[in-house]
Amino acid sequence: MFKCLNLFKLSFPKQLNKFNASSNRRETALIDRKSSFPWGKVAFFVTGNFHKFSEARHVLAEYKVAGALLKVRTIEIQDDNIENIARASAIDTVEQCGLPVFVEDAGLFIDALGGFPGPYSSYVYRTIGTQGIIELMDKVKKRDAYFHSVVAFSSPEKPTKCFHGKVKGKISREERGNLGFGFDPVFEPLGGQDKTFAEMSTKEKNRFSHRARALRKFARWYTSAF
Ligand code: ITT
């Protein structure tokens, strides 16, 4: 199966240069944009969340890995442990597609709420949302929280491997910012100059985020293992 991945190790830049010589301005602009695409290894990210994909694509590009979005309906088991959830989805996708893939599962863990919503973050976001979190935290002084991400890589040939990333921070007193997704408007990462994730560009969020930290561990392993 991993031989298939070598299909993606194409030497496109040379071909694009030739093409460039006879191209008009629009084609040149297209090629310029393409030249920032890391032509090298590909890693298939199974997610229905385009924001997560976009963040991951930037991190993987730091390692010359092209992130490809794969939309597959996978099982999402109920479990208190997000590693078990990520692992089960990755294994299920490999069984369905026969491709090497990674999935990423994340959650927001609030100290004063005993780690809630944690593995139930998706449900809590859909039901009470960010405003509900602000209300639950009304009058709470100790506002420490963290995001935890687990990247699970699975393939038909290799045992599943998991990579963890965490970022500590605080729950803000009010929602701020309109970038990002999910609980970004209420989470201020430590060292982020009191900005919430929703007040940061993808590049800036990736300097701190749980997801970027887990993905960097994954990318280092992926580029050395294959
Ligand atoms: P998948 O298709 O990849 O499962 P998802 O949106 O369901 O995408 P997760 O299960 O990993 O994502 O995350 C559960 C919820 O936790 C998600 O819906 C968000 O509300 C929240 N969350 C996770 N990562 C976040 C982040 O970086 N910033 C803000 N909220 C986040």
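Note that ligands are numbered from 1 as they come in the structure, with each ligand's atoms numbered from 1 the same way. Every heavy atom of this structure was used, including side-chain atoms; hydrogens, water molecules and symmetry mates were not.
Distances below 4.0 Å separate heavy atoms of Asn49 from the following atoms of ligand 1: 2 (O), 6 (O), 8 (O). Near Thr47, meaning under 4.0 Å from one of its heavy atoms, ligand 1 places the atoms 1 (P), 2 (O), 3 (O), 8 (O). Residue contact check: Lys205 has heavy atoms under 4.0 Å from atoms 26 (C), 27 (O), 28 (N) of ligand 1. Every atom of ligand 1 with a heavy atom of His210 under 4.0 Å away is listed here by number and element: 24 (N), 25 (C), 26 (C), 27 (O). Taking every non-hydrogen atom of Ser121 and a distance limit under 4.0 Å, the qualifying atoms of ligand 1 come out as 15 (C), 16 (O).
If you check which protein heavy atom lies closest to atom 7 (O) of ligand 1, you get Ser122 OG, 3.9 Å. The protein heavy atom nearest to atom 2 (O) of ligand 1 is Gly48 N, 2.9 Å. Among all protein heavy atoms, the one lying closest to atom 28 (N) of ligand 1 is Asp184 OD1, 2.6 Å. Ranking protein heavy atoms by distance to atom 10 (O) of ligand 1, first place goes to Asp105 OD1, 3.5 Å.
Figure legend: Lys205 and Phe197 shown as a cation-pi pair, the cationic atom lying under 6.0 angstrom from the six-membered ring centre and within 45 degrees of its axis.
For ligand 1, one of its N or O atoms has an N or O atom of Ala106 under 3.5 Å away. At least one N or O atom of Phe183 sits closer than 3.5 Å to an N or O atom of ligand 1.
Leu190 CG to Lys170 NZ: the interatomic distance, rounded to the nearest 0.5 Å, is 7.5 Å. To the nearest 0.5 Å, atoms OH (Tyr120) and CD1 (Ile82) are separated by 12.0 Å.
Classification of the Phe53-Phe45 ring pair by plane angle, with boundaries at 30° and 60°, yields tilted.
Residues Met200 and Leu179 fail the side-chain proximity criterion, which asks for heavy atoms closer than 4.5 Å. Using a 4.5 Å heavy-atom cutoff, the side chains of Leu108 and Tyr125 are not in contact.
In summary, Glu188 and Arg143 do not engage in a salt bridge, as defined by a charged side-chain N under 4.0 Å from a carboxylate O.
Considering Tyr123, Phe181, Phe53, Phe197 only, the shortest heavy-atom separation from atom 26 (C) of ligand 1 involves Phe181. The closest heavy-atom contact to atom 11 (O) of ligand 1, among the options Lys52, His51, Lys71, Arg211, comes from Lys52.
Surrounding NZ of Lys64 are at most 12 heavy atoms belonging to other residues, nucleotides or ligands under 6.0 Å away.
With Lys168 contributing its side chain and Asp144 its backbone, the two residues share no donor-acceptor pair below 3.5 Å.
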